[in-house]
Amino acid sequence: MRIFASQHEFAYSWEEVSTNNWRKYCAHNDKASHVLAVDTLSRSLDATTHILRTERLITCRQSMPQWVKRIMGSDDTSYVYEVSYVDAQAKRVTMCSQNMTWSELLQVQEKVVYTPSVEAEGHTRFEQSARIIALCGGWQKIKNSIEEISLERFRQNAAKGREGFERVLEISRQVFAQQREEARQQREGVAA
């Protein structure tokens, strides 16, 4: 088993980050071109806790060596199951995801948490962790190699994901500022 852990501060409020979390795989995120589709399977609001629970299926294109495709009889399409919890009262978004494709050979379990920063007002703390477990039979050396390769790829993709989300946040802030300005101008025009 390999463990990945990362922390980051976004220079955006929790409200901006939690809202744009649903848009992070949009066209403005040039680092997420591998995401083909995001389908919402279910969404519910707990009447007691007021926590929003959402289940999504994320369809990705994952490049892999030709020899792996031949052995596994697979194409480049893979699926990830994600469950997220938005607690607006506590200002906490928790997302848990797991690969569905090849999960009998390799399990990747990821957890992401967004909370307001305690160090910088108007910023959001991002915590990401993952467990990577090779389940294939055989020698431990092979399992270790698969886990190490998978961990390195996860690390690279995590960095790209943060960069892409930063871009989505930046564009969103610009668009909302533009919309606020247009609304202000319309109100002033109506009042005049």
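Just so it is clear, the values below take in all heavy atoms, side chains as well, and ignore hydrogens, waters and symmetry mates. Nothing here was measured: the structure is a model prediction, and the numbers come from that model.
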If you measure from CG on Leu57 to OG1 on Thr40, what distance do you get to the nearest 0.5 Å?
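Nearest 0.5 Å value for the CG-OG1 distance: 10.0 Å.
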
Could you check whether any side-chain heavy atom of Arg153 comes within less than 4.5 Å of a side-chain heavy atom of Asn157, counting everything from C-beta outward?
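The answer is yes, as the side chains (C-beta and beyond) meet within the 4.5 Å cut-off.
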
Less than 4.5 Å apart, any side-chain heavy atom of Leu135 and any of Ile133?
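A side-chain contact under 4.5 Å exists here.
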
Would the distance check show the side chain of [X] and the main-chain N or O of [Y] forming a donor-acceptor pair, the cut-off being under 3.5 Å?
{"X": "Thr124", "Y": "Trp14", "result": "yes"}
{"X": "Glu147", "Y": "Ala134", "result": "yes"}
{"X": "Glu110", "Y": "Ala130", "result": "no"}
{"X": "Asn29", "Y": "Arg167", "result": "no"}
{"X": "Asn99", "Y": "Val108", "result": "yes"}

Could you tell me whether [X] and [Y] have a side-chain N and a carboxylate O separated by less than 4.0 Å?
{"X": "Glu182", "Y": "Arg180", "value": "no"}
{"X": "Glu188", "Y": "Arg184", "value": "yes"}
{"X": "Glu152", "Y": "Arg155", "value": "yes"}
{"X": "Lys160", "Y": "Glu163", "value": "no"}
{"X": "Arg53", "Y": "Glu55", "value": "yes"}

Looking at residues at least two apart in the chain, or sitting in another chain, which of them share a salt bridge (Lys or Arg N to Asp or Glu O under 4.0 Å) with Arg92?
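Arg92: no salt bridge (Lys or Arg N to Asp or Glu O under 4.0 Å) contacts found.
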
Quick check: Phe165 with Phe126 (ring centres under 6.0 Å apart)?
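So the answer is no for these two rings.
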
